[in-house]
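Below is one structure, written out as structure tokens, with a few remarks after it.
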Amino acid sequence: IVHMQAGQCGNQVGQAFWKQVVDEHGLNHKGEYEGDNDAQLERIGVFFKETSKGTYTPISINFDLEPGVIDDLKKGKLGKLYNPASFVNAQSGAGNVWAKGHYT
């Protein structure tokens with residue numbers, strides 16, 4: 001499963017989703033397992049990929065035309081959880097103008 005977060009709303013909903021999933025699987029905000037139940041790791045591979053360091057990162061793509069939303073994700077509590085390659089944004093946004101976003 002690849003979780004795709006698009007736009008401001010999608011990224012905000014996605015952030016709430018990952019907070020819940022991180023808690024359910026016993027992970028901290030850096031992707032390190034701190035749980036107390038082996039069942040938490042049983043299906044962790046559905047939403048997370050284990051890194052070479054033994055931590056977990058979400059299998060997600062986070063994108064938006066505006067860099068501000070993506071920057072908020074990176075600076076947020078779960079910012080270090082995401083793989084840096086999962087963030088995609090334009091250099092300058094559409095500024096809530098659909099046509100500008102569509103034709104650029």
Side-chain angles (χ1 to χ4, degrees):
I1 294 175
V2 177
H3 189 264
M4 297 182 72
Q5 299 174 194
Q8 182 173 357
C9 179
N11 280 292
Q12 289 173 340
V13 170
Q15 189 172 19
F17 169 80
W18 287 113
K19 284 180 185 178
Q20 181 67 34
V21 174
V22 161
D23 289 342
E24 288 177 4
H25 286 282
L27 301 176
N28 66 15
H29 65 279
K30 295 179 185 174
E32 301 164 336
Y33 178 69
E34 293 182 342
D36 55 3
N37 186 341
D38 290 339
Q40 291 173 313
L41 292 174
E42 193 171 308
R43 303 245 190 268
I44 198 164
V46 171
F47 293 114
F48 296 95
K49 178 181 177 185
E50 188 171 6
T51 67
S52 59
K53 296 178 184 178
T55 60
Y56 296 91
T57 186
I59 302 172
S60 69
I61 300 170
N62 315 295
F63 59 97
D64 194 356
L65 291 174
E66 301 282 339
V69 174
I70 300 298
D71 290 342
D72 289 345
L73 282 176
K74 291 177 184 178
K75 294 175 190 172
K77 185 177 178 182
L78 298 178
K80 297 200 184 312
L81 181 71
Y82 296 99
N83 181 340
S86 72
F87 298 111
V88 179
N89 64 279
Q91 294 302 318
S92 62
N96 274 343
V97 179
W98 180 87
K100 183 177 179 185
H102 179 72
Y103 291 109
T104 57

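- Note that CG of Asn89 and CG of Asp71 are 6.5 Å apart. Values are rounded to the nearest 0.5 Å.
- Considering CG of Leu81 and OH of Tyr56, their distance stands at 12.5 Å, rounded to 0.5 Å.
- Contact record, Asp64 with Gln8: OD2-N, 3.6 Å, taken as the closest heavy-atom pair.
- To the nearest 0.5 angstrom, Ser86 atom OG is 11.5 Å from His3 atom NE2.
- Here the CD1 atom belonging to Ile59 is positioned 8.0 Å from the NZ atom belonging to Lys49, to the nearest 0.5 angstrom.
- Linking Ile, Leu, Val, Met, Phe, Trp and Tyr residues whenever their side-chain heavy atoms come within less than 4.5 Å places Ile1 and Tyr82 in a single cluster.
- No more than 12 heavy atoms of other residues, nucleotides or ligands sit less than 6.0 Å from atom NZ of Lys80.
- When hydrophobic clusters are built by joining Ile, Leu, Val, Met, Phe, Trp and Tyr residues whose side-chain heavy atoms come closer than 4.5 Å, directly or via intermediates, Met4 is grouped together with Val88.
- For the atom pair CD (Gln15) and CG (Asn11), the distance works out to 8.5 Å, reported to the nearest 0.5 Å.
- A single hydrophobic cluster is seen to contain both Ile44 and Phe47, as judged by linkage of ILVMFWY side chains at heavy-atom distances under 4.5 Å, directly or through other members.
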Mind listing the side-chain donor-acceptor pairs of residues 33-42 below 3.5 Å, one per line with the distance, residues two or more places apart or on another chain?
| residue | atom | partner | partner atom | Å |
| --- | --- | --- | --- | --- |
| Tyr33 | OH | Asn37 | N | 3.4 |
| Tyr33 | OH | Asn37 | O | 2.9 |
| Tyr33 | OH | Gln40 | OE1 | 3.0 |
| Glu34 | OE2 | Asn28 | ND2 | 3.0 |
| Asn37 | OD1 | Ala39 | N | 3.0 |
| Gln40 | OE1 | Asp36 | N | 3.2 |
| Gln40 | OE1 | Asn37 | N | 3.4 |

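- Judged as a ring pair (Phe, Tyr, Trp, His ring centres under 6.0 Å), and not counting sequence neighbours, the contacts of Phe48 are Trp18, His25.
- If you chain together hydrophobic residues whose side chains sit under 4.5 Å apart, Phe87 and Val2 never meet in one group.
- Of the inter-residue distances, the one linking Lys19 atom NZ with Leu78 atom CG reads 6.5 Å to the nearest 0.5 angstrom.
- Under a hydrophobic-cluster definition in which Ile, Leu, Val, Met, Phe, Trp and Tyr are linked whenever side-chain heavy atoms come within less than 4.5 Å, directly or via other members, Val21 and Leu73 are assigned to the same cluster.
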